[in-house]
Number of protein chains: 2
Amino acid sequence: MFPRHIKFAALAVDVAALSFIDGALNVRLVTTQVPVFKGKRALPGALIRPHETAHEAAVRVLEEKAGVSVKYLEQVCTFSTINRDPRGRVVSVAYMALLSPDELRAVKAREMHGAAWVPLSRIPHLAYDHDEIIQTTAARLRGKIEYTDIIRHLLPQAFTLTELQEACETILEHPLDKRNFRKKLLAQGIVKQTGKSAHASAHRPAALYMFTASRKGAVDLI
Amino acid sequence: MFPRHIKFAALAVDVAALSFIDGALNVRLVTTQVPVFKGKRALPGALIRPHETAHEAAVRVLEEKAGVSVKYLEQVCTFSTINRDPRGRVVSVAYMALLSPDELRAVKAREMHGAAWVPLSRIPHLAYDHDEIIQTTAARLRGKIEYTDIIRHLLPQAFTLTELQEACETILEHPLDKRNFRKKLLAQGIVKQTGKSAHASAHRPAALYMFTASRKGAVDLI
DNA sequence: AGGTAGTAGTGTATCATGGACACTAATGTT
DNA sequence: AACATTAGTGTCCATGATACACTACTACCT
């Protein structure tokens with residue numbers, strides 16, 4: 001219904017999928033096959049198809065390139081710089097995906113060649129403007145950790161309070177006081193005991209907690 | 001460089017330009033000429049051109065349809081629902097623009113037919129998904145007012161503290177305490193006196209203030 | 001079995017911040 | 001000169017934030 005010259009750009013999504021691995025925040029990277037960037041690392045992405053929304057495309061990318069059906073997916077920003085893709089004009093909608101260790105196991109089960117989890121601290125220079133996308137996404141996550149319970153999507157269904165605290169500390173990049181952290185957390189009723197204990201370590205077992213039903217309003221987590 | 005069938009969608013920007021008029025937050029609306037929505041109100045928007053970014057397109061829309069060169073423009077969200085535009089697939093990047101009364105005078109100088117400022121409380125049902133865009137934009141503004149000094153873009157270069165407080169109250173939709181408001185504001189050093197006074201009313205003149213240089217970090221405004 | 005190493009779990013005292021609250025000051029108008 | 005109206009100011013209290021150190025529990029080792 002629009003003349004052809006109006007449709008000059010391709011539409012894409014790029015997804016920064018984040019997950020904790022060995023206590024560090026990792027992002028899922030793939031290896032580009034596009035000639036100009038041949039061999040370079042990039043975020044998983046794909047062109048949006050005529051019959052899907054950007055959100056649906058992001059879900060598909062995660063399924064195809066990370067082999068996971070993600071539970072938390074949030075639009076971050078749209079990048080429309082003219083020469084951001086050497087193949088032609090591509091406008092890309094960036095998404096942040098958060099994966100819990102539970103979901104991560106499904107990824108590991110069917111590992112794909114050329115794709116890998118890379119700690120945020122060791123990310124190489126990426127293809128396209130993906131460096132910028134990751135910076136923007138990480139900043140968004142860091143901001144939301146303080147006033148939402150977004151961290152729940154990065155933790156397993158059951159977790160110890162120490163694990164939760166370490167997750168927050170990793171993202172905020174500064175230590176938190178154990179007693180104050182627990183006091184506030186329990187006062188807000190964000191988590192509750194499962195009744196079970198973790199017996200993973202060779203020491204005193206920690207009580208396992210789970211998140212309570214998500215609140216409608218904002219929470220004051222940290 | 002991409003095959004033609006990849007470029008199936010048109011790209012657009014829609015801009016929610018906000019400004020205070022008579023103490024109320026208003027948004028700039030135009031009247032659609034598109035047959036399906038003929039006569040309906042909508043946000044000013046336009047298709048992105050091949051040689052401009054979304055941001056540049058938003059700037060252009062404001063110049064063409066609101067007659068103003070805006071100082072504050074922020075990307076809000078990208079809408080990609082498949083049938084959001086009856087003319088065909090259009091993916092739209094929504095922007096929030098904030099105009100000070102100073103900038104507003106330039107708009108009034110060359111008023112355009114079919115365009116008008118409408119108080120947020122009296123917005124009719126709009127064309128496309130523009131109702132949703134306005135809701136999202138207003139929510140973004142309300143959220144940012146508390147932890148940034150974004151309000152500065154909605155005020156004139158010089159203003160009284162009462163004006164500043166009323167602006168915050170209007171956006172937050174609840175009253176603030178005069179003394180506490182001033183205490184916090186001055187403690188943070190966000191504003192400073194200009195040395196001049198407003199002699200507009202028939203009563204005690206108020207001191208005129210201006211914002212200090214924008215801080216790098218977040219401020220705790222309210 | 002007893003000791004050791006290592007993590008889990010708990011409370012108080014102080015300090016800073018946020019919120020409630022009411023009067024005096026300055027100006028133009030009558 | 002009195003009045004009407006808006007501008008401008010400080011204290012007290014409650015709440016939340018922070019600093020801080022010991023006991024409890026378990027597996028492992030000998």
Side-chain angles (χ1 to χ4, degrees), chain A residues 20 22-23 145-149 155-156 158-170 172-210 215 217-222, chain B residues 20 22-23 143 145-149 151 155-156 158-170 172-210 215 217-222:
Chain A
F20 277 111
D22 299 330
I145 205 108
E146 304 220 15
Y147 65 94
T148 73
D149 60 354
L155 290 174
F159 51 87
T160 69
L161 293 188
T162 301
E163 285 168 357
L164 174 52
Q165 184 178 339
E166 283 171 352
C168 290
E169 288 174 335
T170 300
L172 292 171
E173 293 178 318
H174 65 80
L176 298 169
D177 181 89
K178 182 161 67 161
R179 279 173 292 188
N180 295 337
F181 181 77
R182 288 167 184 230
K183 200 194 309 174
K184 191 161 181 179
L185 207 63
L186 296 171
Q188 300 233 353
I190 299 170
V191 295
K192 63 179 178 195
Q193 292 210 15
T194 60
K196 298 182 180 177
S197 306
H199 287 270
S201 83
H203 308 290
R204 175 172 175 175
L208 286 172
Y209 285 77
M210 59 188 296
R215 305 296 184 80
V219 296
D220 184 13
L221 189 62
I222 314 290
Chain B
F20 277 111
D22 297 332
I145 205 108
E146 304 221 14
Y147 65 94
T148 73
D149 60 353
I151 188 79
L155 289 175
F159 51 87
T160 69
L161 293 188
T162 301
E163 285 168 358
L164 174 52
Q165 184 179 339
E166 284 171 351
C168 290
E169 287 174 335
T170 300
L172 293 172
E173 293 177 319
H174 64 79
L176 299 168
D177 180 88
K178 183 161 66 160
R179 279 174 293 188
N180 294 336
F181 181 76
R182 288 167 184 231
K183 201 195 308 174
K184 193 160 180 178
L185 207 63
L186 297 171
Q188 300 233 351
I190 300 170
V191 296
K192 64 178 178 195
Q193 293 210 13
T194 61
K196 298 182 181 176
S197 305
H199 287 271
S201 81
H203 307 292
R204 174 172 175 174
L208 286 171
Y209 285 76
M210 59 188 294
R215 305 296 184 80
V219 295
D220 184 13
L221 189 62
I222 314 290

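In this structure, CE in A/M210 is found 12.5 Å from CG in A/L155, a value given to the nearest 0.5 Å. Atom CD1 of A/I145 and atom SG of A/C168 lie 5.0 Å apart (nearest 0.5 Å). With values rounded to the nearest 0.5 angstrom, A/K184 atom NZ is found 13.0 Å from A/L186 atom CG.
Contacts between residues 160-168 of chain A and DNA chain D, counted as heavy-atom distances below 4.0 Å, involve no residue at all. Sorted by residue number, the members of residues 202-210 of chain B with any non-hydrogen atom under 4.0 Å from DNA chain D read B/H203, B/R204, B/P205, B/A206, B/A207. Non-hydrogen atoms lying under 4.0 Å from DNA chain D are contributed by nothing in residues 192-199 of chain A.
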Per-pair distances, 0.1 Å, donor-acceptor, side chain in residues 172-183 of chain A, under 3.5 Å, sequence neighbours excluded:
unit_1: A/D177; atom_1: OD2; unit_2: A/R179; atom_2: N; d: 3.1
unit_1: A/D177; atom_1: OD2; unit_2: A/N180; atom_2: N; d: 2.9
unit_1: A/D177; atom_1: OD2; unit_2: A/N180; atom_2: ND2; d: 3.4
unit_1: A/N180; atom_1: OD1; unit_2: A/K183; atom_2: NZ; d: 3.4
unit_1: A/R182; atom_1: NH2; unit_2: A/T162; atom_2: OG1; d: 3.3

Under 3.5 Å, sequence neighbours excluded: what are the donor-acceptor pairs made by side chains of residues 191-198 of chain B?
unit_1: B/Q193; atom_1: NE2; unit_2: B/Y209; atom_2: OH; d: 3.1
unit_1: B/T194; atom_1: OG1; unit_2: B/K196; atom_2: N; d: 3.2
unit_1: B/T194; atom_1: OG1; unit_2: B/L208; atom_2: O; d: 2.9

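A distance-only check finds a donor-acceptor pair linking the side chain of B/Q188 to the backbone of B/D220 [under 3.5 Å].
Checked against side-chain contact (heavy atoms from CB on, under 4.5 Å), B/A206 has the following partners two or more places apart in sequence or in another chain: B/T160. Under the side-chain hydrogen bond (donor to acceptor under 3.5 Å, both in side chains) criterion, B/E169 pairs with B/Q165, not counting sequence neighbours. Under the ring-ring contact (aromatic ring centres under 6.0 Å, His included) criterion, A/F159 pairs with A/F211, not counting sequence neighbours. Not counting sequence neighbours, the partners of A/T170 by the side-chain contact (heavy atoms from CB on, under 4.5 Å) test are A/F20.
Of all nucleotides in DNA chain D, those with any atom nearer than 4.0 Å to a heavy atom of chain A start and finish, going 5' to 3', at D/dA17 to D/dC28.
The two residues B/L221 and B/I190 have their closest heavy-atom pair at CD1-CD1, 3.4 Å.
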Discussion item. Treating primed atoms plus P, OP1 and OP2 as sugar-phosphate and everything else as base, which nucleotides of nucleotides 11-16 of chain C get B, S or - for protein heavy atoms under 4.0 Å?
Written reply: BB----
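Residue contacts shown for B/K178 include a base, since a base heavy atom lies under 4.0 Å away.
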